[in-house]
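The structure under discussion appears below in the form of structure tokens.
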Amino acid sequence: MSKVVVIGGGPAGTLAACVASKNGHEVTLIERNTRIGRKLMITGKGRCNVTNAVTDPKEVIDQVPVNGRFLFSALSQFMTYDTMDLFEGLGVPLKVERGNRVFPVSDKSGDIVDALARYLRECHVKQLCGRVTAINTVDNSVSSVVTEDGTEYECDKVILATGGMSYTATGSTGDGYEFARALGHTIVDLNPSLVPIESSDSCCKAMQGLALKNVEIRVVETKSGKVIYKDFGEMLFTHFGVSGPIILSASSHIRKMIDGQYTLLIDLKPALSEEQLDFRVQRDFLDQQNKDFQNSLGGLLPSKMIPIVVEKCGIDPQKKVNQLTKQERHALVYTLKNFEIPLTKFRPINEAIITSGGVDTREINPKTMESKLVGGLFFAGEIIDVDAYTGGFNLQIAFSTGYLAGTCC
């Protein structure tokens with residue numbers, strides 16, 4: 001029986017601790033917060049998109065833009081359906097929504113956190129509240145960890161599951177990267193992923209709080225016009241730029257954000273072709289031909305957008321509808337199908353849902369999650385340089401790598 005210390009009480013660390021304990025090890029979980037799962041509580045807007053209901057590991061790997069193949073062994077050991085079975089077995093009924101996203105039926109992330117807390121107790125994992133300050137080694141193998149109060153805990157294995165640097169208020173302050181670096185590991189540059197994006201266009205602030213549903217977006221390279229990402233769904237204008245589900249997804253497709261390099265194009269009427277939309281506009285204008293142009297768009301747009309669209313399409317707002325030229329009408333249609341927002345930079349990493357970058361996967365054995373450099377050191381979750389798109393895939397990575405680390409430690 002080995003003495004195992006798990007550092008970090010998020011989804012990866014918690015499952016790793018439970019699995020290691022069930023395999024007969026003496027396990028101590030050290031979490032700096034008084035309660036596990038602080039970040040888990042706020043995921044999915046408090047609903048917790050716990051996994052995705054796809055059934056083929058390749059479908060998960062396809063949603064991991066960086067080092068997806070590294071996860072093959074972990075997913076082979078613990079897949080999406082295993083996550084679902086785990087939580088339903090722990091008394092949390094689940095449901096599948098659009099895009100195969102899996103949520104608790106209650107829509108309460110607290111139910112997932114409470115289930116993990118019960119699982120820790122059932123598995124007789126010893127829990128300590130404290131901050132680890134050092135991982136010690138003897139003969140290049142882990143020997144103990146030291147907490148902030150100076151207490152040293154001897155151990156044979158350490159599972160490092162401290163998360164990334166996003167949402168620092170939940171305890172993800174990057175300590176794990178420093179531990180790994182101090183032990184000789186390479187840390188791939190850390191960047192925000194699944195994060196809101198800032199814009200220099202003042203129209204975003206003017207439309208602050210406006211949510212658009214059922215719109216299509218394209219992120220294009222400004223100079224070449226090449227489309228690097230396309231999506232359909234919901235987005236939000238904020239005082240700094242843009243946010244919402246499809247914007248967060250778009251951010252994970254942009255590896256480096258440089259001011260002016262990318263432009264966001266929003267199709268406000270994706271269900272209609274330009275020809276169909278032109279016909280719709282003509283029909284609306286027939287009923288309002290004596291109105292000023294700025295007062296004729298209520299049937300097409302939310303009120304906050306009207307002055308912005310009027311300005312972007314370059315039409316005199318007080319021009320009578322019956323005086324608009326064909327070219328002006330086409331300019332309106334084009335603007336509705338290509339509402340343009342210049343993108344400048346990501347919001348700070350502490351506003352990101354996940355951290356891109358982390359411990360270099362080339363220095364971790366993908367079949368065990370053990371370090372190739374330090375004996376008895378294992379990694380699980382967001383600390384590893386893998387990150388996925390939205391839809392429950394990042395939590396599945398946490399559960400799969402946590403399970404594998406707990407199994408092999």
Side-chain angles (χ1 to χ4, degrees), residues 1-40 74 116-117 119-164 170-185 187 358-359 363-365 368-384 398-409:
M1 179 175 69
S2 297
K3 287 185 177 181
V4 179
V5 170
V6 180
I7 307 174
T14 302
L15 185 56
C18 291
V19 173
S21 183
K22 288 181 72 175
N23 286 340
H25 300 303
E26 181 184 324
V27 182
T28 301
L29 172 67
I30 304 178
E31 163 59 41
R32 64 189 302 165
N33 295 306
T34 56
R35 189 184 184 197
I36 65 162
R38 280 283 299 279
K39 186 177 174 183
L40 200 54
L116 288 173
Y119 198 31
L120 284 169
R121 292 192 296 270
E122 289 174 11
C123 294
H124 306 293
V125 173
K126 182 180 179 181
Q127 298 180 63
L128 297 176
C129 178
R131 177 172 172 263
V132 173
T133 55
I135 300 173
N136 295 326
T137 61
V138 173
D139 296 330
N140 206 36
S141 293
V142 296
S143 59
S144 66
V145 301
V146 181
T147 53
E148 200 167 30
D149 63 3
T151 305
E152 184 174 2
Y153 297 90
E154 292 185 357
C155 56
D156 308 294
K157 310 287 175 63
V158 169
I159 300 175
L160 203 48
T162 50
T170 64
S172 298
T173 56
D175 288 359
Y177 301 124
E178 296 309 313
F179 297 145
R181 188 180 281 117
L183 293 168
H185 277 277
I187 305 301
V359 179
E363 299 170 355
I364 304 171
N365 183 340
T368 62
M369 294 296 126
E370 186 173 13
S371 167
K372 294 179 179 180
L373 309 181
V374 180
L377 178 65
F378 294 76
F379 298 96
E382 194 177 348
I383 192 172
I384 304 170
F399 290 125
S400 295
T401 56
Y403 181 89
L404 187 56
T407 299
C408 297
C409 70

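Everything numeric here is computed off the predicted structure, so don't read it as measured data.
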If you round to the nearest 0.5 Å, how far is CG of L128 from CD1 of I30?
-> 5.5 Å
Could you list the residues that satisfy side-chain hydrogen bond (donor to acceptor under 3.5 Å, both in side chains) with T147, not counting sequence neighbours?
-> D149
For S144 and E152, which heavy atoms make the closest approach, and how far apart are they?
-> OG-OE2, 2.6 Å
Looking just at side-chain N and O atoms, do T133 and E148 make a donor-acceptor pair shorter than 3.5 Å?
-> no
Output for pair (C18 SG, L116 CG), nearest 0.5 Å, gives 7.0 Å
Hey, are the side chains of T401 and F379 touching, using non-hydrogen atoms and a 4.5 Å cut-off?
-> no
Between G376 and V142, what is the shortest heavy-atom contact and its length?
-> O-CG2, 3.5 Å
Under 4.5 Å between any side-chain heavy atoms of Y119 and T14, yes or no?
-> no
Locate the shortest heavy-atom distance separating L160 from I135; write the atom from each residue and the value.
-> CD1-CD1, 4.1 Å
Sequence neighbours excluded, the answer for side-chain hydrogen bond (donor to acceptor under 3.5 Å, both in side chains) partners of H25 is none
Shortest non-hydrogen contact from A380 toward A405 = CB-CB, 4.3 Å
Going by heavy atoms in the side chains, are I364 and V359 under 4.5 Å from each other?
-> yes
Are side-chain N/O atoms of N136 and S143 paired as donor and acceptor at under 3.5 Å?
-> no
Give a yes or no on whether a salt bridge exists between K39 and E382, defined as a side-chain N under 4.0 angstrom from a carboxylate O.
-> yes
Report yes if the side chains of K3 and V27 come closer than 4.5 Å at any heavy-atom pair, otherwise no.
-> no
Is a side-chain N or O of T162 found less than 3.5 angstrom from the main chain of D175, in a donor-acceptor match?
-> no
CD of E26 to NE2 of H124: how many Å apart, nearest 0.5 Å?
-> 13.5 Å
Taking every non-hydrogen atom, the tightest pair across G184 and L373 | O-CD1, 3.4 Å
Got more than 12 heavy atoms from elsewhere within 6.0 Å of NZ, K126?
-> no
In short, S371 meets H185 closest at the heavy-atom pair OG-NE2, 2.7 Å
For L29, the option from I159, V4, V125, I7 that meets side-chain contact (heavy atoms from CB on, under 4.5 Å) | V125
Here the gap from F378 atom CZ to E370 atom CD, rounded to the nearest 0.5 Å, amounts to 3.5 Å
Where the side chain of T28 meets the backbone of V5, is there a donor-acceptor pair that is under 3.5 Å apart?
-> no
Can you tell me how far CZ of R35 sits from SG of C129, rounded to the nearest 0.5 angstrom?
-> 13.5 Å
Quick one: CG on L15 to CZ on F399, what's the gap to the nearest 0.5 Å?
-> 7.0 Å
